[in-house]
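Below you'll find the structure, written out as structure tokens, and then a few comments.
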Amino acid sequence: MKNLFFLIALILSVKSMSQTNVSGVINTNSTWSLNDSPYNITGDVLINDNVSLTIDPGVIVNFTDDYKLLVKGNVLANATLIDSIQ
């Protein structure tokens, strides 16, 4: 039982350390998932024409400086009242 608690704590600590840095052009349909959150915007981001970025509930998006998110395609933000996007 002690090993099970250790394994769960290890998984949660690794999960809490995950993050994704984003900058540049998004050319293909993409999803920002909770597993890879937070998403740190480290440079200007362009979502190209005919491309969709889906942001799942609970995802955190951090702008690390005065960067821009330019949308020529689509952003689908799937938030709920309980599980918002921050």
query: Hey, what do you get for OG1 (T31) to CG (D56), rounding to the nearest 0.5 Å?
result: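 It is 6.0 Å, given to the nearest 0.5 Å.
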
- request: Would you give the length of the straight line joining atom OG of S23 to atom CG of D44, rounded to the nearest 0.5 angstrom?
  value: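 If we round to the nearest 0.5 Å, S23:OG and D44:CG are 9.0 Å apart.
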
message: Quick check: closest heavy atoms across G58 and D83, and the distance to 0.1 Å?
response: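 Between these two residues, the closest heavy atoms are CA-OD1, 3.3 Å.
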
field: Over all atoms of both residues, closest heavy-atom pair of S84 and A79
entry: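 Reported closest heavy-atom pair: CA-CB, 4.0 Å.
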
- request: Tell me, please, which residues at least two apart from N40 pass side-chain contact (heavy atoms from CB on, under 4.5 Å).
  value: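 Once residues adjacent in sequence are excluded, the partners of N40 under the side-chain contact (heavy atoms from CB on, under 4.5 Å) criterion are Q19, N21, P38, T42, N62, T64.
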
query: Transitive ILVMFWY cluster of L53 at side-chain heavy atoms under 4.5 Å: who else is in it?
result: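 L53 clusters with V22, I26, W32, Y39, I41, V45, I47, V51, I55, V59, V61, F63, Y67, L69, V71, V75, I85.
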
- prompt: When clusters are formed from ILVMFWY side-chain contacts under 4.5 Å, directly or step by step, what else is grouped with L76?
  reply: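 Besides L76, the cluster holds no residue at all.
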
- request: Measure from the side-chain N and O atoms of S37 to the backbone N and O of I60, and report whether any donor-acceptor pair falls under 3.5 Å.
  value: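 It does hold such a pair.
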
message: Under a 3.5 Å distance rule, please check whether N29 uses its side chain to pair with a backbone N or O of S52 as donor and acceptor.
response: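 Side chain of N29 to backbone of S52: a pair is present.
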
- prompt: Hey, is CG on N50 packed in by over 12 heavy atoms from elsewhere, all under 6.0 Å?
  reply: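 Incorrect, the count does not exceed 12.
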
